[in-house]
Every structure is written in C-alpha cells, then in structure tokens.
Amino acid sequence: MWFSLAVTRFLWDKVTWERKRFKRNSPSRGLVLTPQPRLFLIYKTHSRPRRLSLRLAFMWKGKSAVTDSDSEFVDLNPTITYRHLLSHALGVKDPLRVIALCDSDAFYAGCEMVRLGVDPEQPLVVSQWDSIIAVNYPSRKFGITRMDKVKDAQKRCPNLVVVHVATYKEGDAEPEYWENPDTKTHKVSLDFYRRESNKIHNMFKESLPAGAELEKASIDECFIDFTRPVREELLRRYPHLAQAPPGAADTPLPPPPTTVTWNANLVSIRPKDDVANNLQESSTSTLGDPEPEDSLITWHDVALSVAVDMMQSARDQVRTKLGYSTSAGIARNKFLAKLTASYRKPNSQSVLRNAMIPHYLRPFPFQKIRFLGGKLGNAVAKEYEASTVGDLLAVSLDEFQRTFGEDSIWIWEIVRGIDRSEVKEKPPNSKSMGASKNLPTPVTMSCEGPHWIRVMAAELTLRLNDARKISPGLWPRTIALSTRQGWSATQRKQAPFPFLRNVTIDAVAAAGDKLWKELVGPLNSTKPLSTKITHVSLSFNGVEAGEVNQQGIEGFLSKAPSSPRKRKRQANSDDEEIVETLPASSSGESGPKPDIDYFICDRCKRRIALPEELTMFASELDEDTKKDALGSLRAEHQDFHFAQDLSKMPSDDERPEKPNPKWTVQPRKKGKHKDGGTNGEGIERFFTKR
DNA sequence: GTGGATGAG
DNA sequence: CGCTCATCCAC
C-alpha cells in the first residue's frame, strides 16, 4: 500500500514537473500536450551503479510531431545570389560552404595491415598488453570490439591476427615490434601511427585542389574546406553564373540543374536501408533515393556534389599510394561533416544535403556528438531527460543558458545543425609531448626511477628530433616529470629545458633524473618509499618553434631569454649575440670549466657560455653532453660571425617577430561568442561550477 | 609552476 | 578501474 502510494506520488510530481518544464521551454509554439503522457522505464546500462531511471515524455500534438516541421532548423535553403557566388571572403557565412571530414578506417589496424602487407580481408586487431585497441573491419564481423581482451577475441575468431603495438625497453633508441612484450619492462609507442598519419596528411595536401583548406583534427581525421575550389569549379561548369545581370549582383542565381549525380551515399531519411546496404564492399554508390517531397536540387547540392568528386580523388590517392582506406562525410559545416562521415563505413563517403539535416539530426543520439560524449553530455541528458537531438530541440536557449551557462549556446546551435567554426590549418606539432607508463609492478625504491626515465627519455628524444625534421628549431620550454601513487595523488615537477641542437637521450634523461631526485629522492636510494609509485610520465611542454631562421644564425641564444616570460637575465648585447657571464654554478662547488661550460671566441675574444637553463641542471649532466651543447654553441657563434661578415644583420626592430606567422595561436575567447567564435571549446567551463 | 579535470580513441 | 596522449584551468 505505502509503496503504491509512494509511486503514485512520485509519478504525479514527475508529471507536474514535466508539464512545467514543457511550458517553460515552449512558451510560444502553440503546441499542445497529449492528454496521456508516455512513461518510459529506462534501464541505464551506462551509468554506474546501474539503476533504473524514469523517463516521461510527451508527444507533441500538432504539426511538429506529425509532419516533421523543420521550424527549429533555419536557413536550410538560403537564397544564393550572384554576389554570394562571386564574393571571395564570405567565410563561414558563405551559403555555398562545403566542408568534408575524412577519417581513416580503424586507423591503427590499417597501419599494421599496411606495414605487414596482410590481405585486406584478414581479420586483424591491434593489442596493447592484453587489451585490444583497434579492430579492423573484417574482424568486426566476428563481434570483436575495442576493449575486448585478446583471449576473448581469439575465441571468437581463431583466424585472428593479433599485432601488439611497438614498444620500447630500456636501452632502445627506437621502438620495436615484439611478439610478447612484457608490460613490466616495456612501454608502448604510438610513434609509427603518428608518422603514418603525417604521410596521409601530406598526401591529402598534395592531392587536393588548390584553394582547399586542410585541418588535421586528430591522428586519423582531417577536415577539408572545399568552398573555394568548388566555387571555381562551379564557375567553370556553369560559366553563365559569372555573368551577373548589370547592377543586379543581389539577384538570385538562375535555377540549378534539376538532377545531380551523387558519387556518394546520400544520407537518407531511412536508416533501415543503410543497415541493409552496410555489407556491401565499397559503397560508392549513386543512390537516386526517393527524396522527401520538397527537396529540389539547390546550388548548394551541386556544390556538395562537386566536393564529393574532389574528396573521392584525394581518397583514391591515399588508398592507392599509401594503402589506407578512409571514409568521408561532406556537408555544410564541420560538425555535420563529421556526423556524416560515420553514416556508412568503411571505405566510403556520404553526403548530407541541407534538406536532410533535420531528418538526420533529430533521431541522432546527441551524446555521440563531440564534447557531448562525456560528463557534460550526461548532465544534459539527465537535466532534460533527453537522449536524441530531437529531445534537445525542445529546450530553449534561455533554459540552456540558465542551467549550463552562457557558453551553452554552443549546444543550442549544434543541435540545430549550426556550426560556424572554421577549418583552419594548425601547426604541424603539438604543444606538448609526453610519454607515460602505468607501472604494473610499482616502483618502491627511488633508485628504480632512472630506469623508466630512460625509457621515456628515449621516446621523447626520438619524437622531438622527429618533429624537428619538419619544424627545425623546435624546442620545449620545459620538461616535466610526474608520478602518481595509487589512484589519486599525482605530483609533478617541471624545469626549463635548454635548447640543444642535438637532443640526446642522455640529456633528456639527465633532466628527468634531476626532477626525479627532487620529486622522489636520491637516484641510488634503495630505501623503501613510503608510497609506491604506480605511474610515471615525462613530458615536454611549450614545444614551439624557436625564432630561428634555417641556419640557426640567431640560434636560441638571442631568443630564448626573450620569450614572453621575463627571464632573470636579459642577456642581449648590442649586436644581438649573447655573451654570457656564466653565473656561479647553481649547485655551487666547482666553477664553470673551459671547453665544457664555455669557450673563448678567438675572433671576438669574448667568452661564450652555455645558457643558464643548461647550467641549472648541468651538474647532473655528464660532460659529454655539455660538450655537445657547447659544440652547438660554437657552431652558432661562427655562424654569427659569418652572417655579420656577409652583411649587417637587420636590427631587432626590423626583424619580424615570428619567422613563421602562418599559424597564430588563437587566444581562447571566454564567454562571448561574438560572430563566428563558437567552436565548442570552452563549454566545459560550465562544469567547474558544479 | 602544480594539480586536477576532461576528453578522444 | 585499460592505457596513452593532449589540452585547459584554478590556484
């Protein structure tokens, strides 16, 4: 009895609340609630602990529910004028904007298939210790998924090829592939995949038509803005479009062709068909799908179809020359392109016409949208008892912003298919580089540290030197060591990292060791630590191209201390070479030694010393390392004289601030989303308030 | 500079 | 409690 009372009471409250919420959110839509609310019992399997959750939903009564009104979606069929077509700087407002997202299918697995030359039909997975981290498409047919254990997967598919990712062990300068690496002694390396990723990216750069913008979005994805090349192609194909009637640039374009050949999957209103078609090999099919009533071909559709062909040929290049299978999505903005790419995979491309946006978006589980996959998405789902984009359309902008802060306009827009973020080329290198390792057998004595530090130093060294092949002069402002005890507490220590022309494992390890000493204890102590260390990581931070020209004439010396942050010593002398007076070695004891810590230039008779950054932990560096560094310094100093001889160098003021201004670090806009600055980032901020 | 949180894959 | 990697932010 009490139970049913309680349930009744609960339901009543819930209904009342839902009704209020509904009214609040849809004040002026003229929608009517159905008399009978639908009650759903949802067993949430994602949440832990598992629990039952009650969900109430009202069916829209009226045209919204029945006829798929697209009223929430605006601008699906904008008028396109001559001015639009002929203008060159419309950016994200261009009504003919065409964006693609291309990602590699099961990338790590693809890499291994290429490396090993295995049959494309061969089921293959990539493992990391006992877990599977990548599953190629042939093995997906066996129901193998990402986090499965190797053992389980093999049971399901005896024929399975299992490749363990490359690993380092101490003493290795490069990662290698081992049959059965031991997690106690090895650490994994994803380097091979990074390199392959760069290859693909470069291949795209070469194969795309001029004017296309390319943005590497992750190790296996890139965005491409086809707007410009597509516009040019349109003008080639339809020359009459270039002839605006005199004085009538703002009149709409003449009617577009009535049919378009789609060399791609057309994202359709009927997902059922897709399941059926999903088995076909390469689904580059022309689907003359019956379209919803009003979907006449628009100029934007034509633009999409042109991009489809461009994307296809770039993908063909990657496939034939590098052996990687990719999938692409093409739509009016980045967000939709990304969504569209997942429509059908692998080895396929899909296109989302504007007219289809509402149909595709409404039933889409919004937690699959980038940045809504985590806690934020969960909070939103819970707050509004929502699971699909359609559910969220009922939430007003005000409501979002009340609950989730100003920035949540981003969500409001995204569920309406609006995304103004630009495709922007990013610097080829990331700002930080890290190597980390969970320790299955924890470190209990501080003398065990150097072992792992060496392993990680080897990896970082390789990666930094690798990155320098692309961007010479790259150097990390700091190096950081962090350790974790148990599952929570982490400690980190960081220190400046010197510019070294040749970064060696020894130098990096020495820096790491020094940090270890500060963080944990003496490098040779066998005294048991009070708390076991279960995790270590070594990372370079603030990795940026120093302001050097190719030959390093200015080197780091004239620049390193003038980075935005003030250094203690601004050692710029008049003729832009640094002549340092070596400070008394920070660790006291022996002073600077000639030919190790400094040298005297016999041309200018000046004393040239290693920079402070280096001497800060120089006492821990072996002399060879310091000699290396000093050798670099000599070379640079000679370069300096050489350059001075050739011509007088430009003064500081004449010299451009940055040698490579192609990418500018965009300051994060807080709060305000003025014009086009809505790009999803920053929304997380709301979360900290909880 | 340090510690923590978030997220992707 | 995969594991690895990246980024951002409050303090």
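So you know, we letter chains A, B, ... as the sequences are listed, proteins then strands, and number each from 1. From a predicted model like this one, the values you see are computed outputs, not experimental measurements.
- Between A:K334 and A:E215, at least one side-chain N (NZ, or NE/NH1/NH2) sits under 4.0 Å from a carboxylate O, which counts as a salt bridge.
- When rounded to the nearest whole Å, the span between CE of A:M433 and C1' of C:dC5 equals 12 Å.
- Here A:S539 does not reach the OP1 or OP2 of C:dC5: none of its side-chain N or O atoms lies under 4.0 Å away.
- Closest approach to the A:Q494 side chain among C:dA6, B:dG3, B:dT2 is made by B:dT2 (side chain taken as heavy atoms from C-beta onward).
- The interatomic distance linking A:W129 (CH2) with C:dC3 (P) rounds to 9 Å, in whole Å.
- A:A435 comes within 4.0 angstrom of sugar-phosphate atoms only, judged by non-hydrogen atoms across all strands, and of no base.
- With a 6.0 Å cutoff to the six-membered ring centre and a 45° limit on the axis angle, A:R468 counts as a cation-pi contact of A:F499.
- What separates CD1 of A:I369 from P of B:dA8 is a distance of 12 Å, to the nearest Å.
- We find that OH of A:Y108 is positioned 12 Å from P of C:dT4, with the value rounded to whole Å.
- With sequence neighbours excluded, the residues that form a side-chain contact (heavy atoms from CB on, under 4.5 Å) with A:S537 are A:S436, A:S482, A:H535.
- Distances were taken from every side-chain heavy atom of A:K437 (C-beta onward) to each of B:dT2, C:dT4, C:dT7; the shortest belongs to C:dT4.
- Applying the side-chain hydrogen bond (donor to acceptor under 3.5 Å, both in side chains) criterion to A:R454, with sequence neighbours excluded, gives A:D506.
- By the side-chain contact (heavy atoms from CB on, under 4.5 Å) test, A:N333 pairs with A:R97, A:F335, A:L336, A:D419, sequence neighbours left out.
- Near DNA chain C, defined here as any heavy-atom distance below 4.0 Å, the residues from residues 162-188 of chain A are A:K187, A:V188, listed numerically.
- Under 4.0 angstrom from either OP1 or OP2 of B:dG1 there lies no side-chain N or O belonging to A:K493.
- For A:R194, the salt bridge (charged side-chain N to carboxylate O under 4.0 Å, His left out) criterion is met by A:D191, A:E459, not counting sequence neighbours.
- By the side-chain contact (heavy atoms from CB on, under 4.5 Å) test, A:K184 is found to be paired with A:D182, A:P440, A:T441, residues two or more places apart in sequence or in another chain being considered.
- Within the 4.0 angstrom heavy-atom criterion, no nucleotide atom of any strand lies near A:S131.
- One can place CZ of A:R484 at 12 Å from C1' of C:dG2, the figure rounded to the nearest angstrom.
- Close to B:dG1, at under 4.0 Å from its OP1 or OP2, lies no side-chain N or O of A:T478.
- Here A:K216 lies out of heavy-atom contact (under 4.0 Å) with every strand.
- In this model, the phosphate group of C:dC3 is not approached by any side-chain N or O of A:Q128 to a distance below 4.0 Å at OP1 or OP2.
- Atom CG of A:D130 is separated from atom C1' of C:dT4 by 16 Å (rounded to the nearest Å).
- OP1 or OP2 of C:dA6 lies within a sub-4.0 Å distance of a side-chain N or O belonging to A:S430.
- Within the cation-pi definition used here (under 6.0 Å to the ring centroid, within 45° of the axis), A:R140 qualifies as a partner of A:Y137.
- Within 4.0 Å of A:I133, counting heavy atoms only, lies at least one base atom of the nucleic acid.
- Taking 4.0 angstrom as the limit, A:K431 places a side-chain polar atom (N or O) nearer than this to OP1 or OP2 of C:dC8.
- The distance from atom CD of A:Q485 to atom P of B:dG4 is 11 Å, rounded to the nearest whole Å.
- Between A:S436 and C:dC5, a side-chain N or O to OP1/OP2 separation shorter than 4.0 Å is present.
- Remark: C1' of B:dT2 and CG of A:L538 are 16 Å apart, rounded to the nearest angstrom.
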